[in-house]
Colleague: 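Here you go, one structure.
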There are 2 protein chains.
Amino acid sequence: MRASDKAYDELRTDIVEWRLRPGAVLGEVEQAERLGVSRTPLREALARLVADGLAVQQRGRGAVVSDVSLEHIDDLFALRRALEIESARIAARRADPAIFTELRTRFLEAGKGADRESRESFYHLAAELDRRIDAAVANPYIQQSLRSLRVHLARVRRLAQDDPARLAVSALEHAAIAEGIAARNPDIAAAATQLHLHHSLEHIKAHSGTREDT
Amino acid sequence: MRASDKAYDELRTDIVEWRLRPGAVLGEVEQAERLGVSRTPLREALARLVADGLAVQQRGRGAVVSDVSLEHIDDLFALRRALEIESARIAARRADPAIFTELRTRFLEAGKGADRESRESFYHLAAELDRRIDAAVANPYIQQSLRSLRVHLARVRRLAQDDPARLAVSALEHAAIAEGIAARNPDIAAAATQLHLHHSLEHIKAHSGTREDT
DNA sequence: ATGACATCAACTGTATACAGAAATTGCCAA
DNA sequence: TTGGCAATTTCTGTATACAGTTGATGTCAT
């Protein structure tokens with residue numbers, strides 16, 4: 001693995017998992033020493049972070065971790081609406097119904113439990129649905145935009161606490177999306193996605209507080 | 001201006017304007033000498049091009065200009081539909097009607113002439129409409145995705161020849177979009193945008209040939 | 001004649017040194 | 001005490017050198 005990739009992965013993980021808070025200064029020398037790489041690959045890593053929108057370049061003061069707050073969530077979800085609803089539409093036209101029928105069943109199953117174990121499996125299942133939709137859409141341009149978007153979403157999710165009740169409902173919403181795609185009905189898949197995004201946004205805005213954990 | 005910015009701008013322009021064809025190898029030493037910069041800033045420029053999707057990194061053989069063909073156009077327009085229709089919707093809810101009413105008038109005027117001069121003014125007008133919609137949407141995430149998309153669109157446009165008749169119709173379609181936004185009617189703005197994108201895609205697919213000019 | 005292996009060359013990836021610019025800090029004057 | 005200016009220090013941006021790897025080419029053997 002290249003040193004620049006290593007630096008990029010570590011910095012990105014640190015930012016997404018809030019170990020590097022918004023506003024933190026990413027000095028080239030400091031971070032290069034911390035990660036054990038030279039300044040050249042670290043600069044490449046910083047450039048990629050800036051391209052991702054995870055950091056902003058400040059003149060003279062290096063790069064700082066970009067801000068993320070509730071004000072940006074509406075903007076983030078506006079883009080998410082545009083991309084995921086269109087993706088659901090396209091997937092519903094192209095997907096293999098068998099795959100999404102099976103996913104629907106597993107979502108209905110995952111919604112029943114509320115312990116940590118089933119919570120973990122639910123997150124993995126949601127990620128798998130994303131991957132399956134991506135594969136069905138098979139559009140590199142949409143995939144790239146979604147990939148960039150999901151990095152920011154992962155960051156924002158840390159603003160909201162876990163909520164078992166929301167998780168159960170969310171599982172049902174995911175099942176509805178899978179059902180709409182399996183039925184090859186673009187309108188239903190789009191509607192289910194829109195509904196899910198609406199509830200998801202409402203939940204984050206309602207149950208978010210300032211986090212002061214590690 | 002930084003040397004890396006200069007290298008990035010020149011390479012990007014060369015790729016978008018087809019001076020660097022798809023498949024062209026971007027050797028670090030070769031391009032660094034050609035552009036009169038060192039390898040370090042050139043590497044940063046290449047990294048940005050790869051992030052933009054204008055080049056792909058090949059192991060061992062440097063970066064090559066990414067492929068663009070008619071097969072990708074449907075994918076490109078799928079993303080464009082998602083982003084621009086949603087943008088039109090949002091702009092219709094927030095925009096200042098006076099600005100878009102004036103833009104509509106200018107589009108109706110621009111559609112009448114067919115000479116090179118009015119063609120130029122039409123392109124500038126279309127770009128201004130994009131900017132005005134961007135400003136009204138005021139969403140940095142959507143703006144970033146749109147910016148990346150438009151680079152690819154500029155590349156694809158060279159596949160299709162100019163067509164005065166299409167230009168006149170296109171002006172009317174742009175006027176309709178501006179009208180929908182000015183009327184603060186999201187559905188009409190979205191419908192006008194969808195119609196415009198549909199015709200635009202049809203035109204490109206119908207009137208595109210292999211170009212072997214400089 | 002063809003295929004495989006070895007050698008060579010070119011290119012990428014990384015580190016480091018150097019120059020220029022900007023910010024911060026300290027000192028002096030009002 | 002406060003404001004402005006200057007000097008120092010740190011950081012960015014660029015160039016270049018070095019090492020490792022990969023691809024290409026040529027030769028030899030079958």
Colleague: Could you tell me how far apart B/Gln57 (CD) and C/dT12 (P) are, to the nearest whole angstrom?
Modeller: 9 Å

Colleague: Expressed as a whole number of angstroms, how long is the span from B/Glu30:CD to C/dC11:P?
Modeller: 8 Å

Colleague: Distance check needed: D/dA17 P versus B/Glu28 CD, whole Å only.
Modeller: 16 Å

Colleague: Do the side chain of A/Lys6 and the main chain of A/Leu35 share a donor and acceptor less than 3.5 angstrom apart?
Modeller: yes

Colleague: Taking atom C1' of C/dA21 as reference, at what distance in whole Å does atom CD of A/Gln58 sit?
Modeller: 16 Å

Colleague: The test is side-chain hydrogen bond (donor to acceptor under 3.5 Å, both in side chains); show your working for B/Arg34 and B/Gln31 and say whether it passes.
Modeller: CA-CA 5 Å; B/Arg34 186 174 75 89; B/Gln31 296 299 321; 3.0 Å; yes

Colleague: Could you check whether the rings of B/Tyr141 and A/His72 sit parallel, tilted or perpendicular, using 30° and 60° as the cut-offs?
Modeller: perpendicular

Colleague: Indicate the ring-plane relationship of B/Phe107 and B/Phe122, choosing parallel, tilted or perpendicular according to the 30° and 60° boundaries.
Modeller: perpendicular

Colleague: Less than 3.5 Å apart, any donor N or O on the side chain of B/Thr193 or B/Arg80 sitting next to an acceptor on the other?
Modeller: no

Colleague: Over how many whole Å does the gap from A/Lys6 atom NZ to C/dG13 atom P extend?
Modeller: 17 Å

Colleague: Nearest whole Å is fine: how far is C/dT12 P from B/Leu46 CG?
Modeller: 9 Å

Colleague: Could you tell me whether a side-chain N or O of B/Trp18 sits under 3.5 Å from a main-chain N or O of B/Arg158, the two making a donor and an acceptor?
Modeller: no

Colleague: Give me, pair by pair, the N or O atoms of the protein and of nucleotides 14-16 of chain C that are less than 3.5 Å apart, along with how far apart they are.
Modeller:
from   : atom 1 : to      : atom 2 : distance (Å)
C/dT14 : OP1    : A/Ala3  : N      : 2.3
C/dA15 : OP2    : A/Ser38 : N      : 2.8
C/dA15 : N7     : A/Thr40 : OG1    : 3.0
C/dT16 : O4     : A/Thr40 : OG1    : 3.0

